[in-house]
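The sequence lines fix the lettering, A, B, ..., with proteins before strands; numbering per chain opens at 1.
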Amino acid sequence: MSFFGPEPPDPAGRPDSPDGPDGPGPDRQPPRRLMAVVGGLGAAAIVLGALVGFTSDPPIPLPEKMPTMPSRPGMAPPPSGWPTELPSDFPTDFPTGLPSDLPSDFPTGLPSDFPTDFPTGLPSDFPTDFPSGFPTAPPGPAPQGGTP
Amino acid sequence: MTSPDSVVPSPPPRPPDPFRRPWHIALGIALVLSAAFATAQVLYWAAPEITSPLPWMRIYLLPQPPALRLTRVLLYSGWGVALVLAAVLYGATRAGRVRVVRVCRAAILTVLLLPYAVMALDTLAGAPLTALLCLATSAVALLAVHRVQLYLRLPARLTLLAFAWGALVGSGFAIVMSMWFGWYAGGYLLDFERPRGSIRTLLALFALNADFFSEVGKAAGVALVLLVFRRYVDGVVSGLVLGAASGIGLNLTETVRYMAEIEPGQPAAQFWTRQVVGLLTVHAVFSGLAGAGFGAALRAGPGRGRVSLCLSGLLAAFGGHLLFDTLMPLLDRRRRDLFSGAETLGVLVGVPLVTLIAAGPFVVLCLLLLRRGLRDQAAVLRAALPVETASGTGAVTPAEGGLLLSPGRRLLLELAVWRRDGTAGLRHLIRLQQAQLRLLHDPLPHRSDEVRQLKGLPPLSPNPTLPIDQGVSS
């Protein structure tokens with residue numbers, strides 16, 4: 001049975017030897033032991049990668065706790081401009097190049113009236129001076145990342 | 001009177017197919033991708049709303065790009081079309097209408113899988129010059145991967161097919177799944193009272209999600225190509241080559257995305273990192289490991305052994321990718337510290353260094369598998385050569401046998417023929433040598449005639465009507 005159904009005789013034949021895929025001969029056996037080692041190393045890499053990922057801090061310098069924020073922006077307008085002075089428990093190298101004004105009709109759910117010039121795509125919309133926090137897009141001349 | 005569709009010619013006796021139900025496996029692969037997409041969609045719909053106005057949370061409140069909306073429309077329509085085709089397929093199978101069965105199966109796979117290519121096409125079309133530049137280096141890598149098959153080679157079109165899958169469907173699927181996660185994960189995981197811990201978890205899970213689905217996307221294509229064209233597959237080497245090609249394809253789309261969208265301020269560094277240093281050491285290696293597992297499974301008997309071989313390859317692919325992605329930010333900080341006064345040197349030397357540390361072990365695994373596969377092939381050819389040369393068919397002479405077993409000598413001959421006869425002569429020589437190698441590897445009766453035809457000799461069998469196997473071209 002071929003992939004798409006019964007077909008006329010296959011002139012190119014089959015890769016299997018007449019005595020089956022695991023027949024006698026030097027090569028017919030797949031490298032089971034080597035693949036087992038490969039799989040074991042892969043499993044170990046998953047564990048190690050998860051450990052490293054869940055225990056290391058992202059490049060974003062975030063505080064342990066946040067000050068209280070309005071839960072519905074727009075209903076309680078923020079102070080004139082976004083705070084220009086950060087709370088004292090923030091790290092001093094916290095990025096300051098963030099937008100200073102929020103729209104007064106900032107949506108609480110997913111937006112239908114978002115600014116039309118808002119960048120699309122993830123995570124490409126981060127400001128260029130904001131360190132990219134995803135492990136798959138490290139800043140600078142980034143080594144390979146897994147984010148496709 | 002029977003219709004042409006219902007006539008099923010009786011095939012000659014042949015060895016049992018290593019896969020009894022390849023169509024069901026292929027359909028299962030397509031359904032797994034669809035189920036993953038549907039699950040992500042449901043999680044997105046059910047995710048709690050994010051109400052924080054914190055600037056970096058805007059990422060979770062973005063509108064969906066048009067390409068994703070189109071992907072969703074095509075997928076939803078595709079699922080409906082697939083259901084209808086399934087009913088037609090069922091009827092055609094019962095009626096024995098071979099051609100209709102084939103068309104239905106191909107159509108079902110197409111409507112379930114092709115919509116993912118929209119995201120990748122959107123990325124590539126958005127930066128065509130960048131895509132062309134990356135295509136040039138990818139072509140060199142593909143040629144290297146193809147030629148690493150020192151003995152039996154897959155048809156070049158299969159390598160290109162795997163590459164196209166990785167660049168379009170595989171990467172599109174991975175992009176879509178990453179986007180979904182980016183949209184729904186924040187609602188479930190963010191804790192604005194303790195942002196540091198929750199964002200750390202979120203980023204770790206983001207990497208896990210991205211790496212898992214990018215490997216699944218690449219591996220799905222490799223598995224499909226191996227299933228459909230399994231008569232050309234000889235084992236580990238073929239699977240590894242197809243996996244590497246798929247990885248090179250995904251790497252191309254990812255590089256274009258990073259250069260054009262994610263890190264547009266550093267295109268040269270991104271190109272160096274991804275299309276030079278990482279071209280054959282990151283994505284190609286990870287999906288190569290998965291492909292090697294599939295290729296080995298193709299040679300194994302049915303049962304748990306086959307499943308464990310596939311699983312080993314997939315674990316290595318996912319584990320390697322995850323470890324790479326979680327280690328790289330840490331290594332990159334060290335790199336910056338080490339080359340703090342010399343950024344250019346940090347890119348030219350430091351990036352290869354950290355890539356070597358993070359991906360090196362998996363590159364070594366890949367090379368070990370390749371070496372083992374090539375040695376196994378060589379052993380089979382060496383054992384079969386005296387038998388074939390003694391058979392008297394003239395398909396493989398003793399002098400040719402020595403040449404066939406020596407990749408270096410064959411390369412020198414190829415260069416000499418190319419200089420003398422040009423590309424046409426070279427292609428004919430490669431076709432002849434590949435046909436001879438396949439005859440040695442699997443001595444099926446018609447292959448002797450095939451080789452004799454290529455040599456310009458009369459066939460031995462009385463009814464030499466079988467066409468030359470087009471699949472053995474370089």
Identify which part of [X] has an atom lying under 4.5 Å from any heavy atom of chain A, answering side chain, backbone, both or neither.
X: Phe213(B); result: neither
X: Leu369(B); result: both
X: Thr201(B); result: both

Suppose we screen for ring pair (Phe, Tyr, Trp, His ring centres under 6.0 Å). Which residues come up paired with Phe229(B), at least two apart in sequence or across chains?
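Phe229(B) satisfies ring pair (Phe, Tyr, Trp, His ring centres under 6.0 Å) with no other residue.
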[X] and [Y]: which non-hydrogen atoms are nearest, and at how many Å?
X: Ser56(A); Y: Leu330(B); value: CB-CD2, 3.9 Å
X: Ala204(B); Y: Gly53(A); value: CB-O, 3.4 Å
X: Ala300(B); Y: Pro30(A); value: CB-CG, 3.9 Å

To the nearest 0.5 Å, how far apart are CG in Leu309(B) and CG in Leu34(A)?
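It is 10.5 Å, given to the nearest 0.5 Å.
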Using 0.5 Å steps for rounding, measure from the CG atom of Leu289(B) to the CE atom of Met35(A).
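Reported value, rounded in 0.5 Å steps: 7.5 Å.
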Among Val52(A), Val38(A), Val37(A), single out the residue with the greatest number of heavy-atom pairs under 4.5 Å to chain B.
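Of the candidates given, the most pairs with chain B belong to Val38(A).
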